[in-house]
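One structure below.
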Amino acid sequence: MTTTKSDALLPAQGIEAPRSGRIDPKYLRSGSSKSGSFEMAAWVFMRVSGAALVVLIFVHLTVNLLVGEGIHQIDFGFVAGKWANPVWQFWDLAMLWLAMLHGGNGMRTIINDYAEKDSTRMWLKSILYLSVIVIIVLGTMVIFTFEPCLLDSSGQLLESSPSFCQNV
Amino acid sequence: MQVHKYDVVIVGAGGAGMRAAIESGQRAHTAVLTKLYPTRSHTGAAQGGMCAALANVEEDNWEWHTFDTVKGGDYLVDQDAAEVMAKEAIDAVLDLEKMGLPFNRTPEGKIDQRRFGGHTRDHGKAAVRRACYAADRTGHMILQTLYQNCVKHNVEFYNEYYVLDLLTVDEEVTREDGTTYMQKKTAGVVSYDLANGEIHVFQAKSVVFATGGLGKIFKTTSNAHTLTADGMALAYRAGIPLEDMEFVQFHPTGLAGLGILLSEAARGEGAILRNSEGERFMERYAPTIKDLAPRDIVARSMANEVREGRGAGPNKDYVLLDLTHLEPAHIDAKLPDITEFARTYLGVEPYTEPVPVFPTCHYAMGGVPTNVNAEVLQDNDTVVPGLYAAGEVACVSVHGSNRLGTNSLLDINVFGKRAGLAAAEYAATAEFVDIPENPTAFTENQLNAMRASTGGERTSTLRTELQETMDANMQVFRSEETIKEALAVIADLRLRYKNVQIQDKGKRFNLDLLEAVELGFLLDMAEVMTVAALHRKESRGGHYREDFPERDDENFMLHSMMYLDPESSTDGTNGIRADTKPVVFTRYEPMERKY
Amino acid sequence: MTQTKGTLYKGREGMWSWVGHRITGVGIFFFLLVHVLDTSLVRVSPEAYDAVIGAYKNPIMIVGEIGLVGAIVFHAFNGLRIILVDFWSQGTRYHRQMLWTVMGLWVITMIGFTVRHLMLFLDGWGGF
Amino acid sequence: MSTPTKEAAEPASKIDMKESGGGGEIPSFDVTLQVRRYDPEFSDEARWDEWTVTMYGTDRVLDALHKVKWEIDGSLTFRRSCAHGVCGSDAMRINGRNRLACKVLLKDLDTSKPVLVEPIKGLPVEKDLIVDMEPFFQSYREIMPFMVNNSPAPTGERIQSPEERERFDDTTKCILCAACTSSCPVFWTDGQYFGPAAIVNAHRFIFDSRDDAGDMRLEILNDKEGVWRCRTTFNCTDACPRGIEVTKAIQEVKRAVLTRSM
Ligand SMILES: Cc1cc2nc3c(=O)[nH]c(=O)nc-3n(C[C@H](O)[C@H](O)[C@H](O)COP(=O)(O)OP(=O)(O)OC[C@H]3O[C@@H](n4cnc5c(N)ncnc54)[C@H](O)[C@@H]3O)c2cc1C
Ligand code: HEM
Ligand code: SF4
Ligand code: F3S
Ligand code: FES
């Protein structure tokens, strides 16, 4: 290879081949900081969790809305009655975690897509992550620390308590 | 004005240009200037195949291939060049395969080959399978593969840079016998950046021209809008002669009015040409082989039907390709491209309707004269140091007066490679030639004049008139009368061209301006072609003179050489000096060309 | 200028199903945030929970619930379609047919759900 | 090629030439063209221009654009070359969808309404219908679109069975027109996504039995801007003028990345 620059009789200007360094910076990929494998894992997770959620959510909806008295049956007692059973506890816990992570990751994708500025993107994602964590932690605590048989100040079982509390 | 300095500058990024760039780019500091993004080049339109005597499916050898090429060109082929091409064809195909080209394969996994018009075993005994192919998009695959390898080797492309001037310097040289002559030397090129209208000068030790063909001289053509004879015109204006410009190949079956090519395979599969009366007219012109007669004969027969009033359509200006007697399944299996083109572009359903077709300008056999090393000649044998040409723009001459199908894709690979190697090798030892003073003056004056013109002539009007007169007078039938008619029109158009006015006054992407420049190339080359046709008073290959219907080896077994020469005057046209160059013979004596 | 405006791109089934999937996904996500919060009220007091859950039993919310379930059902079925497009080798060829199937199943499911939900609702509804 | 020279009689044509072959007048009609124009030399604002031109039954949108450029307004600017759908110059948005102007027949459009023509979306518009293709080609170059084979070259060709050849046939058809990438809703958002065309061209080599660099390409496309950004919206497949099953190719690459990391 010989020299690029023109040093002959004409004014020399080392000019780059055009339109290779001339790309609108908006399009330059800043050497991906986040490893691709994370995106792959997220992608797989969306599918796996989605498939699981179909079962979890459909059963949840059926039990809550379509059997018995439907929407009218839902009250404190109903919830308490369900969570007395560890299967339902686990069920709702799985649903909570999977749905929040699935939905949270979905929202992350959407923010990545549409946030125009890096700072906006960062803010939105921070809010997202925070709310996902708060909700997951809150929900988990509720499910595990739930006390179905509440007593009122006089020590009587509350009216809304599920029937099994009587037997305790 | 910006100045760049490269060892090698390649003008054009079609098959020939990129094949050269792959060689030169690995050996010398190389730039490729192209007015189109490389993958837009018209090499990508080629369908049929690329010939090489690989003998993968049946017995074959390069000597038979040479013979077919010579005979196909009606013996106007330089036989040494044809030998080089046929011999190197094998490596050319294997090179492409190793670069990744996805050829179709035989059951054993070798490159598959198929038959193509004019390619025979043992000097015409029977058709031979010689064309290597990649489905019906061989040219597309060649173009893509070459581009891919340019990316691999980091070739520097200047995309959408129009080369508008070739810079040469004349030097007086004294021969041994004391006489002197002017030796041309290559200094570089001037180019125009479409994106912003800036002029760039490229100083180079070697310049390779690979700018493709000239189809847009004609109205009906299979060529792209961008094939406007640029390279030929630039060389010609720089004082380089043009060889065999009268020979243009017209392909019989172009979609009527559009010129889009329908491959010969249609007739091979049994399609029939008919006139408005439904008559299978080829029975009259070629009673034995009918529709499968050679391209030039079929094209002429079709044109004759139209001329005698038996054309179909509202303007009676085309004939019909009838496939309706074939099974739709068969058409689908064997001719998918044809059915798709007919449906998309003419809205014709080939199962039930005949397809309107007419001969279409397809290929320029002539061009910038070179020797087998792709070195450009400034006369019959003086090489211009540092100037190379390859591909359709060049005339080696391997196609003589009529190119065989599949030999062009071969030509661009063999001579593209040779050009790249030679250019790099020359640049390794040569010195830069000083750029002449004011190198951009010509280009800038031309562009400024066009920008400022208020003459009121429209590029498109002039171009249409040129194309119409060329279709009417210089197509498959020519005679002194029609040629002179064309010359008169061209002369008039050249005057009017001075008044061309453009509407786009901007700097960015001013294609309006460049179309006007391209029209100048078309007019120059149309004139050269017409004058060359006037001089060749015989019929041979693609050139058919009604007033001289026979081949005349005695007087015309010669290449024509047309020089720009303001002092010369020929038959009413000024400025073109006609000369000839002997044809090179090695082993084959001219015979009558019949199949 | 990067052209962001201009006319709307005229995508076909694939694009609109994606738009639907995205919108329903976001909708469900926000509902879920609220839903977890309201359910958490069971830890505060039964009255609080029952009061909030009571809001779900009002006729306007019933329509909302049908909408929500509609969104979930679409997102779920279409999610399964996406999974098939991803992992079944013929998935990309039949994505349109699968979308029509999704829509068909959606209609059937929604008719079933709506009828049952409204009946149960009307059964136990004491009126305004 | 068969030689139909020996047939006893001329095969029957299914049509009466005098009627259909004689041909009627090619119908002509008026088309209104609305083109979204932009020329930063004169204004920062894009605008819509409208022309009505008389065209014929065989004309394509490209012909109408040419008619305007050649007869009415020479400053209308667009790229084109081959005029029959093989070079990839003239991808643009016609009535809201990415198409090659040279492949859309006017008579197939609803000419009672104006035909809307806009530049393809997501790439910087340079002038009228011309966009900057560099970002597009940059993505293409990044996926190593060339054969890498480190084994010593045989004297003849590298052997490849017809089945192995068929494996990647579809993706060899790409003409780099960008109709797919610029139809992709994900690409529109920030232009960072590699885009379907780059993936198609990676696919062409990943599944070529002669190539050795498939793993590297899979690694490149496992980027956060790689295949995982595809949301299977199929706009690319619908837009591809070469009929390439683009989304299918992308899915195959996704599965290949997955298999490779497992
Ligand atoms: C429809 C069709 C089918 C064909 N089929 C076959 C076939 O089956 N077999 C066969 O062997 N042959 C075939 N041919 C012929 C063959 O394809 C061409 O002759 C060959 O591809 C020409 O290649 P090229 O490299 O010389 O030029 P092109 O591929 O035309 O490239 C020209 C290049 O020059 C550049 N250029 C031009 N002017 C300028 C300028 N002023 N400044 C800068 N750059 C410039 C262009 O940008 C372009 O990159 C076919 C031709 C056509 C039209
Ligand atoms: C019911 C079962 C569900 C299934 C089968 C399912 C399936 C999927 C799948 C496969 C994706 C990935 C789409 C893609 O990559 O293109 C996805 C995305 C998404 N899902 Fe779900 N999902 C379900 C439930 C949920 C729930 C409960 C929420 C809300 C919390 C949710 C919110 C989202 C969001 C926001 C996205 C991102 C959409 C996008 O990127 O366009 N999904 N879903
Ligand atoms: S995949 Fe199709 S649409 Fe995309 S660039 Fe290639 S040819 Fe164009
Ligand atoms: S349009 Fe885009 S989202 Fe995927 S299917 Fe095609 S790349
Ligand atoms: S002009 Fe070549 S693809 Fe349309």
Side-chain angles (χ1 to χ4, degrees), chain B residues 36-37 39-40 42 44-45 94 97-100 102 104-105 107 109-111 115 137 140-141 148-149 151-152 224-226 257-258 260 268-270 274 276-278 280 288-290 292 312-314 320 322 324-325 341 344-347 352-354 460 502-504 506-509 511-512, chain D residues 1-5 10-15 17-18 20-26 39-42 57-58 69-71 73-75 77 80-84 86-89 103 105 107 126-127 130 133 141 145-147 153 156-162 165 168-169 172-173 175-176 208 210:
Chain B
L36 302 172
Y37 269 87
T39 54
R40 315 294 182 224
H42 212 55
L94 293 177
E97 197 280 332
K98 278 164 203 154
M99 286 184 207
N104 277 39
R105 298 290 170 153
K110 294 197 203 166
I111 297 170
R115 299 197 180 102
R137 43 176 193 282
H140 163 77
M141 287 327 316
Q148 290 156 1
N149 279 272
V151 171
K152 182 174 185 174
H225 282 288
T226 44
L258 301 170
I260 296 171
E269 296 296 338
R274 296 178 190 278
S276 61
E277 283 145 28
R280 180 179 197 178
T288 41
I289 50 174
K290 298 172 191 162
L292 286 171
L320 299 160
D322 185 1
T324 55
H325 53 283
F341 285 153
T344 315
Y345 294 115
L346 293 181
T352 55
E353 294 168 85
S460 60
I502 59 157
Q503 288 174 303
D504 191 337
K507 289 265 181 204
R508 296 170 67 88
F509 292 92
L511 286 162
D512 199 21
Chain D
M1 278 187 218
S2 61
T3 31
T5 44
E10 186 184 317
S13 175
K14 287 203 193 116
I15 31 121
M17 283 297 162
K18 291 235 174 60
S20 71
E25 199 68 35
I26 299 178
D39 186 351
E41 256 181 279
F42 300 105
T58 55
K69 181 173 183 67
W70 290 342
E71 292 173 18
D73 183 350
S75 70
T77 308
R80 88 284 182 263
S81 181
C82 72
H84 66 284
V86 297
C87 78
S89 300
K103 273 194 105 173
L105 280 173
K107 73 176 175 54
E126 302 256 27
K127 178 174 174 182
I130 294 188
M133 295 290 285
R141 287 190 289 264
F146 41 78
M147 171 90 88
E157 60 268 55
R158 291 202 158 90
I159 300 297
Q160 179 171 56
S161 72
R165 164 68 180 75
F168 62 100
D169 184 68
T172 63
K173 293 190 266 181
I175 53 175
L176 297 171
D208 187 332
R210 299 168 296 170

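Side-chain atoms are counted along with the backbone in the values below, which use heavy atoms only and exclude waters and symmetry mates. For clarity, every value in this text was computed on a predicted model and none was experimentally measured. Chain letters run A, B, ... following the sequence lines, proteins first and then strands; every chain starts at 1.
Contact of D:Ser89 with chain B is made through backbone and side chain together, with heavy-atom distances under 4.5 Å. With a 4.5 angstrom heavy-atom cutoff, B:Leu511 touches chain D via backbone and side-chain atoms both. Looking at B:Arg137, only its side chain comes within 4.5 Å of chain D, counting heavy atoms on both sides. Only the side chain of D:Arg210 comes within less than 4.5 Å of a heavy atom in chain B; its backbone stays farther off. At a 4.5 Å heavy-atom cutoff, the contact between B:Pro107 and chain D is made by backbone atoms alone. Heavy atoms closer than 4.5 Å to chain D are found in the side chain of B:Met141, but not in its backbone. Using a 4.5 Å cut-off between heavy atoms, D:Arg165 touches chain B through its side chain atoms alone. Only the side chain of D:Asp39 has a heavy atom closer than 4.5 Å to any heavy atom of chain B. Heavy-atom distances place the side chain of D:Lys107, and not its backbone, under 4.5 Å from chain B.
B:Thr226 places a side-chain heavy atom less than 4.5 Å from the side chain of D:Arg80.
For the pair B:Gly347 and D:Leu105, the tightest heavy-atom approach, listed with the atom from each and the gap, is N-CD1, 4.3 Å. The two atoms that bring B:Gln148 and D:Phe146 nearest to each other are O-CB, 3.5 Å, heavy atoms only. Of all heavy-atom pairs spanning D:Met147 and B:Gly100, the tightest one is CE-CA, 3.1 Å. The two atoms that bring B:Ser460 and D:Trp70 nearest to each other are OG-O, 2.9 Å, heavy atoms only.
Taking the side-chain contact (heavy atoms from CB on, under 4.5 Å) definition, one finds that D:Pro162 meets it with B:Arg105, sequence neighbours left out. Remark: B:Leu258 pairs with B:Leu255, B:Ile260, B:Tyr345, B:Leu346, D:Arg60 by the side-chain contact (heavy atoms from CB on, under 4.5 Å) rule, at least two apart or across chains.
Note that CD of D:Gln160 and CG of B:Asn104 are 10.0 Å apart. Values are rounded to the nearest 0.5 Å. Interatomic distance, CD1 of D:Ile130 versus CZ of B:Phe509, reported as 5.0 Å (0.5 Å rounding).
Chosen from D:Leu176, D:Val86, D:Asp208, D:Thr77, the residue pairing most often with chain B at heavy-atom distances under 4.5 Å is D:Leu176. Among B:Asn149, B:Thr344, B:Leu36, the residue with the largest count of heavy-atom pairs under 4.5 Å with chain D is B:Thr344. By number of non-hydrogen pairs under 4.5 angstrom with chain D, the leading residue of B:Pro102, B:Gly506, B:Ala224, B:Gly44 is B:Pro102. For the set D:Lys127, D:Glu157, D:Glu71, D:Met133, the count of heavy-atom pairs under 4.5 angstrom toward chain B peaks at D:Glu157.
Under the 4.0 Å criterion applied to side-chain N and carboxylate O atoms, D:Glu126 and B:Arg508 are assigned as salt-bridge partners.
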Passes side chain to side chain contact (heavy atoms under 4.5 Å, CB included), B:His140 versus D:Thr172? Steps please.
CA-CA 9 Å; B:His140 163 77; D:Thr172 63; 5.6 Å; no
